[in-house]
Amino acid sequence: MEEDFGMEIDKLISLFKDAVKGGGSVYWDSDDLVIVFLACMDRGDEATAFKALNQLENDFPDSTVTHVSKMKWLLYKRKFSAAYSELKSVDIEEFRNDFPDDLAIASECACMAGYANEAIDYFIEYVDVCENYDEMFLQRYVSSLIMFGVSNNNELVERLVDAVTETCKQVDVTLCSADALVLIDKNDKCIELLTELADREPLNPEVWKKLAFVYGKIDNYEKMVESFDYFSALTLDDESFEVLVMKVDIQIAKSEYEEALETLHRCKMDKRKIFQYDDDVVNLAFAKVYAQMKDFKREKQYLFKTVDFEKIECKHLWLSLVCNFCEDCKDKVEVVAFLTRAIYKCGVSKAYSLLMIKAFNEFELYNETNKIKYLLNAKFDILRYLEYEPASHPALVMLGKICICQKFYDESIKYLEKAYKTDSQSDNVSMILAMAYYLNNNKIKFKRMFGEYMSRDSDAKERFLKIFPNSKDIIDKI
């Protein structure tokens, strides 16, 4: 049926269906069968696609085009191991010469089957042989970045970006590469890439917008403002939600807090917001502005509005603002109450890092007030924190100190010895562990630990005698 190559696809599919219904042996060219197979897969006509694939296997069992078609079918049916087996029956040189565009499909197949490094190799081969970096190339590149990004393999994402950006200088592809680098925290590399693009495309506002965003991410506000000014000059009427939120960061950097609040109120009224996440961003931005204005009452008000902690950027910004509040607020009682509410709001599993800050403030309050409730609360919070970070050196040391205050010396030694194993060079743990041995009347271990501590700190003896003056005889013998 060579004369039918130029036939419309609908007519070709119709002819194939009629031939199947009529039975008998009708010769079909492999190229026509592939056209029918791919078109039917694309239209969701699985039955006809499968019949076309069957005829390919029957008429051309050893053909590379048959193996490639079967790989696509198995990939479509999510049978990744079987698809990979078909892939391995085709030599990469055959892909290069006969199916260059399908190297991207081969990359997807290898990745889904669990062979990530091999998948990268296939895609790099695809980049090398690609003759036209068109919309299809961009779609395949984005799909691959998502595929490797979902697997949390940042090294492979970076390798893929390097291979593509070295070969392809197309604007949309470069911007896509920049987005990928931001997501894996390769901000300096992203800035270098975007700066090169800005030199080639100085009138492209999207380049300057992305540069402003990345500079803001690394707190380089001078460069952020400069990039945003270029962007603003190129898009005088751009009042999109994304731009308004970025403008707030610029205004905060310039200490224009009232203007930032005005911009945020406009964001609040923006009808183009679609996702709840946008409301979270605005609320957190309000909190950030009020934090700079030292208006802690309003800052807390916005921090405790609904936040979607499944959004990782949202969660990180919220935790950062909470920690900043604790540093700025000098009232430890207020900090403890604030953290109690924050942990309850977020859930312990998502905000367990706050338990350590809360315990530290509670322990400080115990030292200031001698109220046992603060000591017990500090111990409870540290024990909960250790459920998530069982080898945390600072947490183990603090728990050891709390147990000393409770006169639970055996328990204190258990935690401090564990801390000592994680970091034996810490003078802090050596001193406190020696103290616990002394209070527990374990003279042999005390001499060994205190001797080690004195070898690193010439003032250790003087400081210890101020706390335990009766220890002079035993210390003099070390």
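In what follows, every heavy atom counts, from backbone to side chain, and hydrogens, waters and symmetry copies are set aside.
A donor-acceptor contact shorter than 3.5 Å links the side chain of Asn220 to the backbone of Lys223. Glu256 places no side-chain N or O within 3.5 Å of a backbone atom of Gln251 that could act as its donor or acceptor partner. Judged purely by atom type and a 3.5 angstrom limit, Ser14 has no side-chain atom pairing as donor or acceptor with the backbone of Asp10. Side chain of Arg200 to main chain of Lys169: a donor-acceptor pair is present (N/O by atom type, distance under 3.5 Å, no hydrogens or angles). Although no hydrogens or angles enter the test, the distance criterion places no donor-acceptor pair under 3.5 Å between the side chain of Lys51 and the main chain of Ala47. A donor-acceptor pair is defined here as one N or O able to donate and one able to accept, closer than 3.5 Å; such a pair exists between the side chain of Gln170 and the backbone of Val173. Here the side chain of Ser392 pairs no donor or acceptor atom with the backbone of Glu389 at under 3.5 angstrom. Between the side chain of His393 and the backbone N or O of Ala419, at least one donor-acceptor pair lies under 3.5 Å.
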- Task: Output, in order, the C-alpha distance, side-chain angles, deciding distance and verdict of salt bridge (charged side-chain N to carboxylate O under 4.0 Å, His left out) for Glu46 and Lys77.
- Result: CA-CA 10 Å; Glu46 293 186 16; Lys77 300 298 285 184; 2.9 Å; yes
- Item | Residue pair Tyr126, Phe123: steps toward the ring pair (Phe, Tyr, Trp, His ring centres under 6.0 Å) verdict | CA-CA 5 Å; Tyr126 170 58; Phe123 201 91; 5.3 Å; yes
- Task: Step by step, work out the side-chain contact (heavy atoms from CB on, under 4.5 Å) result for Val248 and Val289.
- Result: CA-CA 9 Å; Val248 171; Val289 176; 4.2 Å; yes
- With side chain to side chain donor-acceptor pair (under 3.5 Å) as the test, would you mind laying out the steps for Glu452 and Tyr420 before giving the verdict? CA-CA 12 Å; Glu452 179 184 318; Tyr420 182 79; 2.6 Å; yes
- Message: As a quick check of understanding, evaluate side chain to side chain donor-acceptor pair (under 3.5 Å) for Glu226 and Tyr215, giving each step before the final call.
- Response: CA-CA 10 Å; Glu226 180 185 313; Tyr215 278 126; over 6 Å; no
- Task: Begin from the C-alpha positions of Leu194 and Leu175 and carry the test side-chain contact (heavy atoms from CB on, under 4.5 Å) through to its verdict.
- Result: CA-CA 8 Å; Leu194 289 171; Leu175 291 173; 4.0 Å; yes
- Take Tyr302 and Leu284 through the side-chain contact (heavy atoms from CB on, under 4.5 Å) test and state the conclusion after the steps. CA-CA 7 Å; Tyr302 279 99; Leu284 292 174; over 6 Å; no
- Message: For a side-chain contact (heavy atoms from CB on, under 4.5 Å) check, start with the C-alpha distance between Ile120 and Ser107, then their side-chain angles and the critical distance, and finish with the verdict.
- Response: CA-CA 6 Å; Ile120 287 286; Ser107 174; over 6 Å; no
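Once rounded to the nearest 0.5 Å, the distance linking CG of Leu75 with SG of Cys109 reads 5.5 Å. To the nearest 0.5 Å, atom CD1 of residue Ile13 and atom CG of residue Asp18 are 12.0 Å apart. Rounding to the nearest 0.5 angstrom, the gap separating the CZ atom in Phe60 from the OG1 atom in Thr66 is 7.5 Å.
Heavy-atom minimum distance, Ala391 versus Thr422: O-CG2, 3.9 Å. Closest heavy-atom contact between Lys418 and Pro390: NZ-O, 3.5 Å. A pairwise comparison of heavy atoms in Ile252 and Lys288 identifies CD1-CD, 3.5 Å as the closest pair. The shortest heavy-atom contact between Ser177 and Val161 is CB-CG1, 3.8 Å. Counting all heavy atoms, side chain and backbone alike, Tyr290 lies closest to Glu299 at CB-N, 3.8 Å. Taking every heavy atom of both residues into account, Ala198 and Leu211 meet most closely at CB-CD1, 4.4 Å.
Between Asp162 and Arg159 no salt bridge is recorded (no basic side-chain N to carboxylate O distance below 4.0 Å). Between Glu158 and Lys189, at least one side-chain nitrogen of the basic residue sits less than 4.0 Å from a carboxylate oxygen of the acidic one, meeting the salt-bridge criterion. Taking the charged nitrogens against the carboxylate oxygens, Lys88 and Glu118 do have a contact shorter than 4.0 Å, which makes a salt bridge. Salt bridge Lys72/Glu86: absent, no basic N to carboxylate O contact under 4.0 Å. Here Lys209 pairs with Glu206 in a salt bridge; the nearest charged N to carboxylate O distance falls below 4.0 Å. Note on Asp45 versus Lys17: salt bridge recorded, some NZ/NE/NH1/NH2 to OD/OE distance being below 4.0 Å.
Heavy-atom contacts from other residues, nucleotides or ligands closer than 6.0 Å to CZ of Phe360 number 12 or fewer. Sparse packing is recorded around CZ of Phe50, with 12 or fewer heavy atoms of other residues, nucleotides or ligands lying under 6.0 Å away. Dense packing is recorded around NZ of Lys217, with more than 12 heavy atoms of other residues, nucleotides or ligands lying under 6.0 Å away.
A centroid separation of less than 6.0 Å is found between the aromatic rings of His265 and Phe286. The six-membered or imidazole ring of Phe16 lies near that of Trp28, with a centre-to-centre distance under 6.0 Å. In this structure, the ring of Trp208 has its center less than 6.0 angstrom from the ring center of Tyr230.
Side-chain contact annotation: Ser255 with Gln292, donor-acceptor N/O pair under 3.5 Å absent. Side-chain contact annotation: Tyr115 with Asn117, donor-acceptor N/O pair under 3.5 Å absent.
Between Phe296 and Phe325, the ring planes are perpendicular. Angles over 60° get that label, and only those under 30° would be called parallel. Between Tyr352 and Tyr385, the ring-plane angle classifies as tilted under the 30° and 60° cut-offs.
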